[in-house]
Student: 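One structure, as structure tokens, below. Some questions next.
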Protein chains: 2
Amino acid sequence: MKRIAESTVRRLSLYLRFLEEFEAQGHQTISSGELASQGGTTSAQVRKDLSFFGSFGKRGLGYSVSALSASLREILGLGRQWNVIIVGAGKIGAALAQYKGFRERGFKVVGVYDTDSARVGRSLDGVHVKDQRELEGDVAKLKPQIALIAVPAEAAQPLVDRLVKSGVRAILNFAPTPLTVPKGVTLRSVNMALELEILSYALVNADD
Amino acid sequence: MKRIAESTVRRLSLYLRFLEEFEAQGHQTISSGELASQGGTTSAQVRKDLSFFGSFGKRGLGYSVSALSASLREILGLGRQWNVIIVGAGKIGAALAQYKGFRERGFKVVGVYDTDSARVGRSLDGVHVKDQRELEGDVAKLKPQIALIAVPAEAAQPLVDRLVKSGVRAILNFAPTPLTVPKGVTLRSVNMALELEILSYALVNADD
DNA sequence: ATTAGCTTGTGAAATCATTCACAAGACCGC
DNA sequence: GCGGTCTTGTGAATGATTTCACAAGCTAAT
């Protein structure tokens with residue numbers, strides 16, 4: 001299949017959110033325009049996004065909420081449980097470990113690791129923090145597909161290398177540093193200070 | 001001035017990071033190629049990004065690390081302190097309140113608010129959590145330019161409306177829901193579950 | 001069965017972002 | 001001062017994404 005733009009995948013994910021809300025409200029069908037207004041985009045964009053994957057609607061009618069939800073879940077790979085490990089049990093790692101939103105969407109935290117002995121042994125929402133030396137062994141055993149990185153910037157790249165070597169194929173990085181991964185491994189980064197700097201730029205240039 | 005793409009601003013922010021590291025290592029000059037290899041981009045991209053704002057290098061030599069750092073800080077509006085409030089003192093709000101990276105880059109947390117009386121009064125890294133009823137009064141007094149939102153999804157939009165009404169012009173949202181703001185207000189969202197879903201998509205479609 | 005009223009799916013056009021490619025400078029060594 | 005070697009700054013070309021615009025398809029009402 002043709003490569004799909006990340007912006008498209010991101011929007012599909014948003015559409016799914018909204019479809020679930022809509023379904024809970026008992027609606028049966030939804031039009032591209034309604035979907036668009038929630039996601040802050042246009043009806044043409046919605047239709048184009050969906051068209052990459054097939055044809056899901058009925059002309060004149062719109063989309064079946066439940067059928068489209070199911071299709072999007074399928075497309076996004078959410079019909080299953082993903083096992084996730086979190087490395088780094090500081091403030092951010094701990095908050096992530098306890099974040100309910102992950103579990104609700106099929107992402108199960110199966111391990112939390114740290115190097116600091118003061119943190120090892122603590123329990124975070126049912127999962128207790130293990131020593132980072134156990135990482136390789138656990139990855140081999142539990143086969144988590146996704147790792148979240150919440151360690152200091154300087155520890156992040158060596159950690160990524162270890163994770164990749166152990167077979168992790170998808171990484172979400174919260175350390176404020178750019179990382180590199182080999183081809184075949186997907187890396188995404190969330191950098192909160194950077195987001196604030198973009199806001200700072202917007203404030204300073206408010207008169208554009 | 002011509003409108004600058006967000007992707008450009010994001011990269012400028014990254015370049016600044018490296019420049020600071022590079023400066024700490026005692027280097028005087030840096031070429032667009034060196035800057036690019038750090039940021040995972042190309043030298044042409046670096047030069048193009050900078051060209052929107054002026055001409056900062058010397059042909060044959062590269063860029064003065066300190067001069068370019070200063071220019072980027074100026075462009076990004078980082079030559080000053082920004083006052084930030086955080087609304088929502090749950091796991092994520094608390095982690096944000098204690099995140100050192102913000103302070104280091106000139107973002108000072110001047111208030112943390114929650115509605116839950118069990119959380120009100122707690123101290124998070126020197127700032128203590130206040131009742132959300134004090135929000136409007138404090139915003140009028142402290143004039144924070146930026147608000148971080150870490151409340152449940154359903155509480156987010158009403159909160160945004162209150163913040164905007166009180167004069168906040170930039171918002172960073174961590175609630176997993178799309179929000180709308182009037183023109184003149186900048187909103188950015190960080191949605192962690194969404195990032196995981198994008199990874200999920202990548203894993204399922206690894207063979208593209 | 002026809003019409004009226006919606007809404008989809010999709011090429012084509014327009015816009016936006018990145019990469020290319022090269023002239024114009026700048027420094028160094030001789 | 002001149003030739004050689006870098007590296008910038010930037011139009012032009014390419015590539016990617018979004019928006020437009022409209023034919024085609026479906027439902028409901030009469």
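Just so it is clear: chains get the letters A, B, ... in the order the sequence lines come, proteins before strands, and each one is counted from 1.
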Student: Suppose we screen for side-chain contact (heavy atoms from CB on, under 4.5 Å). Which residues come up paired with B:Ala202, at least two apart in sequence or across chains?
Tutor: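 Result, side-chain contact (heavy atoms from CB on, under 4.5 Å) vs B:Ala202: A:Thr186.
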
Student: Distance-only, no hydrogens or angles: does the A:Gln98 side chain make a donor-acceptor pair with backbone N or O of A:Ala94 under 3.5 Å?
Tutor: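 Checking the backbone N and O of A:Ala94 against the side chain of A:Gln98, a donor-acceptor pair under 3.5 Å is found.
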
Student: Quick one about B:Thr42 and B:Gln45 (side-chain donor to acceptor, distance below 3.5 Å, no hydrogens or angles considered), yes or no?
Tutor: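 Judged by distance alone, the side chains do not pair up.
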
Student: Name the residue from B:Leu163, B:Ile146, B:Val87 that meets the side chain to side chain contact (heavy atoms under 4.5 Å, CB included) definition with B:Val168.
Tutor: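 Single side chain to side chain contact (heavy atoms under 4.5 Å, CB included) partner of B:Val168 among B:Leu163, B:Ile146, B:Val87: B:Leu163.
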
Student: Less than 4.0 angstrom from a charged side-chain N to a carboxylate O is my criterion; do B:Lys141 and B:Glu134 meet it?
Tutor: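 Salt bridge between B:Lys141 and B:Glu134, a charged N being under 4.0 Å from a carboxylate O: no.
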
Student: Kindly give the heavy-atom pair with the smallest separation between A:Arg17 and B:Leu194, and that separation in Å.
Tutor: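 Heavy atoms of A:Arg17 and B:Leu194 come nearest at NH2-N, 4.0 Å.
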
Student: Give me, pair by pair, the N or O atoms of the protein and of nucleotides 4-8 of chain D that are less than 3.5 Å apart, along with how far apart they are.
Tutor:
from	atom 1	to	atom 2	distance (Å)
D:dT7	O4'	B:Gly60	N	3.0
D:dT7	O2	B:Gly60	N	3.1
D:dT8	OP1	B:Ser32	N	2.6
D:dT8	OP2	B:Ser32	OG	2.6
D:dT8	O2	B:Arg59	NH1	3.3

Student: So that I can tick it off, tell me whether B:Lys100 and B:Glu104 are bridged by a salt bridge, with the cut-off set at under 4.0 angstrom between side-chain N and carboxylate O.
Tutor: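 Result for this pair is no, no salt bridge flagged.
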
Student: Classify the side-chain pair A:Ser71/A:Glu74 by whether it contains a donor and acceptor separated by less than 3.5 Å.
Tutor: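 No - no donor-acceptor pair under 3.5 Å links their side chains.
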
Student: What's the CG-C1' distance between A:Leu68 and C:dG9, to the nearest Å?
Tutor: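 Atom CG in A:Leu68 sits about 14 Å away from atom C1' in C:dG9.
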
Student: What pairs of nitrogen or oxygen atoms, one from the protein and one from nucleotides 15-18 of chain C, lie under 3.5 Å apart?
Tutor:
from	atom 1	to	atom 2	distance (Å)
C:dT18	OP1	B:Arg11	NH1	3.1
C:dT18	OP2	B:Arg11	NH2	2.9

